[in-house]
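Written below as structure tokens is the structure these notes are about.
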Amino acid sequence: MAEGKPAAEAIAGGVRVYLRVTPRASRTAIQGLMEGPEGRQLLKVAVTTVPEDGKANEAVVKLLSKTWRVPKSSLTIVAGQTDRNKVVEVAGEAQALLAVVRASCPG
């Protein structure tokens, strides 16, 4: 992984994860990490749904919930509702969540 700010960081009450979402992909999956703006790492997420009426956001939440084994209600998109770059907060015990998020990053 390149140097810079990590894709996931502990916050009060959970973890904040920075994403780069690709809608209309051939398959829904977490694809790894990429370098984002200002040296921030982004977790690349691809979903097959279209980015209209919040469908892609719903697919992102569903994928992350299933992959990280957390309830969908614990995931909140706090920035980037209509942008490919998103910030998701996951409520829970920060260190345990950080370990799960980092383990889900291919490569």
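Under the 4.5 Å side-chain heavy-atom criterion for ILVMFWY residues, no single connected hydrophobic cluster contains both Tyr18 and Leu43. In the hydrophobic cluster analysis, where Ile, Leu, Val, Met, Phe, Trp and Tyr join through side-chain heavy atoms closer than 4.5 angstrom, Val88 is grouped apart from Leu42. Taking hydrophobic clusters as Ile, Leu, Val, Met, Phe, Trp and Tyr residues chained together by side-chain heavy-atom distances below 4.5 Å, Val90 shares a cluster with Val60. When hydrophobic clusters are built by joining Ile, Leu, Val, Met, Phe, Trp and Tyr residues whose side-chain heavy atoms come closer than 4.5 Å, directly or via intermediates, Ile30 is grouped together with Val61.
Side-chain atoms of Asn85 do not come within 3.5 Å of backbone N or O of Gly80 as any donor-acceptor pair. Ser65 places a side-chain N or O within donor-acceptor distance of the main-chain N or O of Val70, the cut-off being under 3.5 Å. Without hydrogens or angle criteria, Lys55 side chain to Val50 main chain gives no donor-acceptor distance under 3.5 Å.
The minimum heavy-atom distance linking Val15 with Ala8 is given by the pair CG1-CB, 4.1 Å. Of all heavy-atom pairs spanning Ala25 and Thr48, the tightest one is O-CG2, 3.4 Å. The shortest non-hydrogen separation linking Pro6 to Gln41 is C-CB, 4.0 Å.
The local environment of CD in Glu38 is sparse, with at most 12 non-hydrogen atoms from other residues, nucleotides or ligands closer than 6.0 Å.
Here salt bridge (charged side-chain N to carboxylate O under 4.0 Å, His left out) pairs that include residues 20-33, with residues two or more places apart or in two chains, number zero.
With values rounded to the nearest 0.5 angstrom, Gln81 atom CD is found 6.5 Å from Lys86 atom NZ.
With sequence neighbours excluded, no residue satisfies side chain to side chain donor-acceptor pair (under 3.5 Å) with Lys44.
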Return all side-chain donor-acceptor pairs below 3.5 angstrom for residues 92-104, not counting sequence neighbours, or 'none' if the list is empty.
| unit_1 | atom_1 | unit_2 | atom_2 | d |
| --- | --- | --- | --- | --- |
| Glu93 | OE1 | Ala96 | N | 2.8 |
| Glu93 | OE2 | Gln95 | N | 3.3 |
| Ser104 | OG | Trp68 | NE1 | 2.9 |
| Ser104 | OG | Val101 | O | 2.7 |

